[in-house]
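Before any comments, here is the structure.
Please read these numbers as outputs of a predicted model, since none were measured by experiment.
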Amino acid sequence: MVASTLTHQPDPAIPNIACPKCGLRMQVAAIAPAGDDDRTVTFGCDCGHRYDLSERAIVALARDSSDRW
């Protein structure tokens with residue numbers, strides 16, 4: 001059996017962010033310090049769209065989504 005790249009599960013601490021332009025899953029492009037013990041995570045998509053999210057917001061999203069799903 002050959003493993004497909006589609007079956008690879010990313011780090012569960014990083015949420016699945018769907019691109020608002022094309023709907024594909026966005027990938028982590030960069031992580032930069034943002035002050036106050038926080039970091040900004042930049043997600044990028046193959047279509048060229050970029051999305052910035054603070055690490056605190058990612059933690060809140062992960063906590064919130066685990067309660068729902």
Side-chain angles (χ1 to χ4, degrees):
M1 182 172 142
V2 176
S4 168
T5 57
L6 297 176
T7 61
H8 173 71
Q9 294 297 322
D11 186 342
I14 299 174
N16 290 323
I17 304 290
C19 178
K21 286 190 174 184
C22 69
L24 295 176
R25 184 178 182 276
M26 300 182 82
Q27 301 292 323
V28 174
I31 299 174
D36 293 335
D37 296 326
D38 197 11
R39 292 182 278 197
T40 299
V41 180
T42 301
F43 292 89
C45 185
D46 290 337
C47 74
H49 186 71
R50 297 183 81 72
Y51 182 70
D52 293 328
L53 194 60
S54 76
E55 190 174 45
R56 288 179 187 171
I58 289 173
V59 170
L61 283 172
R63 186 178 318 121
D64 189 41
S65 65
S66 67
D67 290 343
R68 291 186 196 172
W69 314 109

CZ/Arg56 to CG/Asp38 distance, rounded to the nearest 0.5 angstrom? 4.5 Å

If we only count heavy atoms from C-beta on, is the Cys22 to His49 side-chain gap below 4.5 Å? no

Test item: Phe43 and Val28 side chains (from C-beta on) under 4.5 Å apart, heavy atoms: yes

Nearest 0.5 Å, what's the CZ-SG distance between Arg25 and Cys19? 12.5 Å

Spatial distance of atom CE (Met26) from atom OG1 (Thr42) [nearest 0.5 Å]: 9.5 Å

When you look at CG of Asp46, are more than 12 heavy atoms from neighbouring residues, nucleotides or ligands closer to it than 6.0 Å? no

